[in-house]
2 protein chains.
Amino acid sequence: MKATHKRNQAERSSQTQIKLFDATLNCLQEFGYHGASLSQILKKAGVSRGAWSHHFENKLDLIAAAAEYVLNSAIETTRDWALSSGTSELSLSEIFDFIWENFYTGRHRDVWLEFNVACRTDEQLRERLEPVLAHFHASMAIAWQTYFTAKACCDSNIQTIMILTINTFRGMAIQSITQNDPHYFKQLRMEWFKIVSMLVEPKQA
Amino acid sequence: MKATHKRNQAERSSQTQIKLFDATLNCLQEFGYHGASLSQILKKAGVSRGAWSHHFENKLDLIAAAAEYVLNSAIETTRDWALSSGTSELSLSEIFDFIWENFYTGRHRDVWLEFNVACRTDEQLRERLEPVLAHFHASMAIAWQTYFTAKACCDSNIQTIMILTINTFRGMAIQSITQNDPHYFKQLRMEWFKIVSMLVEPKQA
DNA sequence: TTAAATGCATACCGATCGGTCTGTATTTAT
DNA sequence: ATAAATACAGACCGATCGGTATGCATTTAA
């Protein structure tokens, strides 16, 4: 029945690992870092305890690997999107929508929040995730400062405005935990767009 | 030796409860929502298990009460500060510094983050904390829109600019988890101040 | 074809979790 | 003074946690 009849070792490994990553991320979304127990993850993944311990040293190792998995996917998504879009056709509001919908809503928002907060009190996790989180942050910066520059009248540099933008989105992500209203946040993004439009313009080709 | 020799019931109750609140908040700061076990809290508070169960139904009840405790303190702090400051002497950057230093640094930042994130996956906690978090949010709004109004040239209303400000601070709070550099965030606040100054002016007396 | 290596399954472990039960001080009300 | 009510202490509980040890299945290399 299944298409999993003759698989080589590499396929086997990567398939069960991805099943574990996905289940880990789903559990983090559903139960939070606090409530995501190993038993729950294994149950949801349909993977045995032995298989898990064969691939990962301990629970933290799995969680960190899952974080790397989802963040690297996000980095790739950003890169692909920036490349596929016509270089001169990108508008600020399009970028805003893209970043918001891909990284600050749904599962990505949830696990991103959990990882950031968990990092604060878990030094081992922080050491593993800090470079990936920083890389993720930088990848968003690329999609931005490749195409835009600060206006002459604006005495802030373009990086500063971008960081403020990302921080605004982060804050909106937290606000959206208790206030889940896509329309409201679309409006808020538009308001932010109006302000940033005064400071930023498309780069010369 | 101790000054706890002849205390009436009310004093006893409130003293042990406050000890528990403080220990709970410290444990949340030190170990996170995930790692803050009841045993740790009781140990840090110097309170027995029996005393705890006498005052609180269960762990969540204690945590929620501690959250209410710290958030209501913050609301009070904001109110006092707004009242004590000369009504016409408040500058935007002073308000920014006040909000940042009181609510988005130190223990308050840490527990505020933990509570917000924990609320996402714990419905009971959310139901108890949502009104308090909303109240806290509103209290910051007061210190703001009492003294400032949108400039004529600005087509956003004053509440919108304030929400964007708060969200920027929230984002900076998350950023400051992995990048603890007060000077950097002071500069970022100044940049934000420059932008908001273009949109907002002191209210007429 | 066969031995080794890899992938996987289940049973099991001590530790710790939140919560409760029983009994004892201390304060309050009569 | 004394009984009731409140505040507290410590032992104890089943459940669940992350982690491991042993054995079997599958793939790979010889």
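Residue numbers start from 1 in every chain, and the chains themselves are labelled A, B, ... in the order their sequence lines are given, proteins ahead of strands.
Atom C1' of nucleotide D/dA7 and atom CD of B/Gln17 are separated by 11 Å, given to the nearest angstrom. Here C/dG18 presents its P atom at 14 Å from CG of B/Leu20, a figure rounded to the nearest Å. Whole-Å rounding puts the A/Arg12 CZ to C/dA5 P distance at 18 Å.
Side-chain atoms of B/Asp122 never come within 3.5 Å of backbone atoms of B/Ala118 as a donor-acceptor pair (strictly under, hydrogens ignored). Under a 3.5 Å cut-off, the side chain of A/Arg109 and the backbone N or O of A/Tyr104 do not form any donor-acceptor pair.
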Quick test: give all pairs of protein nitrogen or oxygen and nucleotides 28-30 of chain C nitrogen or oxygen below 3.5 Å, distance rounded to 0.1 Å.
from: C/dT28; atom 1: OP1; to: B/Gln9; atom 2: N; distance (Å): 3.2

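Of the residues in residues 122-129 of chain B, not one comes within less than 4.0 Å of DNA chain D through any heavy atom. Sorted by residue number, the members of residues 31-63 of chain A with any non-hydrogen atom under 4.0 Å from DNA chain C read A/Ser48, A/Arg49, A/Gly50, A/Ala51, A/His54, A/His55.
Using a 4.0 Å cut-off between charged nitrogen and carboxylate oxygen, B/Asp22 and B/Arg107 count as a salt-bridge pair.
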Let me check something: any side-chain donor-acceptor pairs from residues 40-51 of chain A under 3.5 Å, sequence neighbours excluded? List them with distances.
from: A/Lys44; atom 1: NZ; to: A/Glu30; atom 2: OE1; distance (Å): 2.4
from: A/Ser48; atom 1: OG; to: A/Gly50; atom 2: N; distance (Å): 3.4
from: A/Ser48; atom 1: OG; to: A/Ala51; atom 2: N; distance (Å): 3.1

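Ring orientation note: the planes of B/Phe96 and B/Trp144 are close to parallel, at an angle under 30° on the 30°/60° scale. The aromatic rings of B/Phe136 and B/His108 sit tilted, their planes meeting at an angle between 30° and 60°.
Residues passing the ring pair (Phe, Tyr, Trp, His ring centres under 6.0 Å) test with B/Tyr69, sequence neighbours excluded: B/Phe21. Scored by the ring pair (Phe, Tyr, Trp, His ring centres under 6.0 Å) test, A/His34 finds B/Tyr33 as partners (sequence neighbours excluded).
Side-chain atoms of B/Glu130 and A/Thr178 include no donor-acceptor pair closer than 3.5 Å.
Within 6.0 Å of CD in B/Glu101 there are more than 12 heavy atoms belonging to other residues, nucleotides or ligands.
For C/dG7, neither phosphate oxygen OP1 nor OP2 lies less than 4.0 angstrom from any side-chain nitrogen or oxygen of A/Thr16.
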